[in-house]
Amino acid sequence: MRGNLRYIIALLMAGVTLLTYYCKRSVNEVTGEVQHVDMTAEQEIALGLQAAPEMAQQYGGLHPDRQASARVEQIGQDIVRSTKAGQSPYKFQFHLLADENTINAFALPGGQVFITAGLLKNLRSEGQVAGVLAHEVGHVVGRHSAEQIAKSQLTQGLSGAAAIGMYDPDRPATAAGSAAAAMVGKLLTLRFGREDELESDRLAVDYTAQAGYDPRSMIQVMQILEQAGGGGGQPEFLSTHPNPGNRIGELERAIATEFPQGIPAGLKP
């Protein structure tokens, strides 16, 4: 009897989780993608602004070099003005972080974009900087943070329902099954992250060219990241970022699709 009650509770929990997720449906005005999100653009902007100081502090704060910071901001705003990102409701700001050792760039929801000095000093051209920033702009307009929140709620709800249905306090061995269900939920969330990275790469191919930069610079960035990794790091399957070497192939296909007649002349490297 007690087991049947657990199964009923688990089914109800899973049903409510699925219904809640799929009822949250909207069309992304920039990408045209149908998404399941539960945040407005205003909420994304507020969340990003709230989190920005703390995130910057984790990387030593903002870089004191005002000239370099201004150049990062200028390249970023050129991308926004030249693309559909400028037609979005997001308020973009681009920040250079003081951390000279960490190679990273990331975007918060709503338009706060960061690049570390450690990454910037490894980039050799404005086109490469533009490629990194355009990729992060792609995350913002793709509403990837809002999607991740909704997807995380979905997977947590379903794995929680599975754990309730599988766990029997009178049979301790079932705890392993419930732990496995939780791990599946975690791996699904990581999979969503890799898909977001590849979508941002595809958007960045378009955005860099529209802003006057050669999108092939993004391939050079991947090569730099691959060299910086030294072949180490965790397997791609357990990482939210696809392996740089694998991303190169995706970028080459995206560039060939976007420019079947070849890269236009006059783009800045």
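Remember, predicted model here, so these are calculated numbers, not experimental data.
- Residues that satisfy the side-chain hydrogen bond (donor to acceptor under 3.5 Å, both in side chains) test with Glu73, not counting sequence neighbours, are Gln77.
- For residues 45-68, there are no salt bridge (Lys or Arg N to Asp or Glu O under 4.0 Å) pairs, not counting sequence neighbours.
- Annotation: side-chain hydrogen bond (donor to acceptor under 3.5 Å, both in side chains) contacts of Glu100 (sequence neighbours excluded): His63.
- For CD of Gln50, the number of neighbouring non-hydrogen atoms (other residues, nucleotides, ligands) closer than 6.0 Å is 12 at most.
- Qualifying salt bridge (Lys or Arg N to Asp or Glu O under 4.0 Å) partners for Arg202, counting only residues two or more places apart in sequence or in other chains: none.
- When the salt bridge (Lys or Arg N to Asp or Glu O under 4.0 Å) test is applied to Glu250, the partners found at least two apart in sequence or on another chain are Arg253.
- Residues in residues 78-87 take part in these side-chain hydrogen bond (donor to acceptor under 3.5 Å, both in side chains) pairs, two or more places apart or across chains: Asp78-Arg81.
- Sorted by first and then second residue, the salt bridge (Lys or Arg N to Asp or Glu O under 4.0 Å) pairs with a member in residues 123-139 read Arg71-Glu126; sequence neighbours excluded.
- Pairs of residues two or more places apart, or lying in two chains, never qualify as salt bridge (Lys or Arg N to Asp or Glu O under 4.0 Å) while including a residue from residues 260-269.
- Asp206 meets the side chain to side chain contact (heavy atoms under 4.5 Å, CB included) test with Gln210, Glu258; sequence neighbours excluded.
- The side-chain hydrogen bond (donor to acceptor under 3.5 Å, both in side chains) search around Ser26 returns none, not counting sequence neighbours.
- Here Asp201 pairs with His135, Arg247 under the side-chain hydrogen bond (donor to acceptor under 3.5 Å, both in side chains) rule; sequence neighbours left out.
- Remark: Phe106 pairs with Tyr59, Phe114 by the ring pair (Phe, Tyr, Trp, His ring centres under 6.0 Å) rule, at least two apart or across chains.
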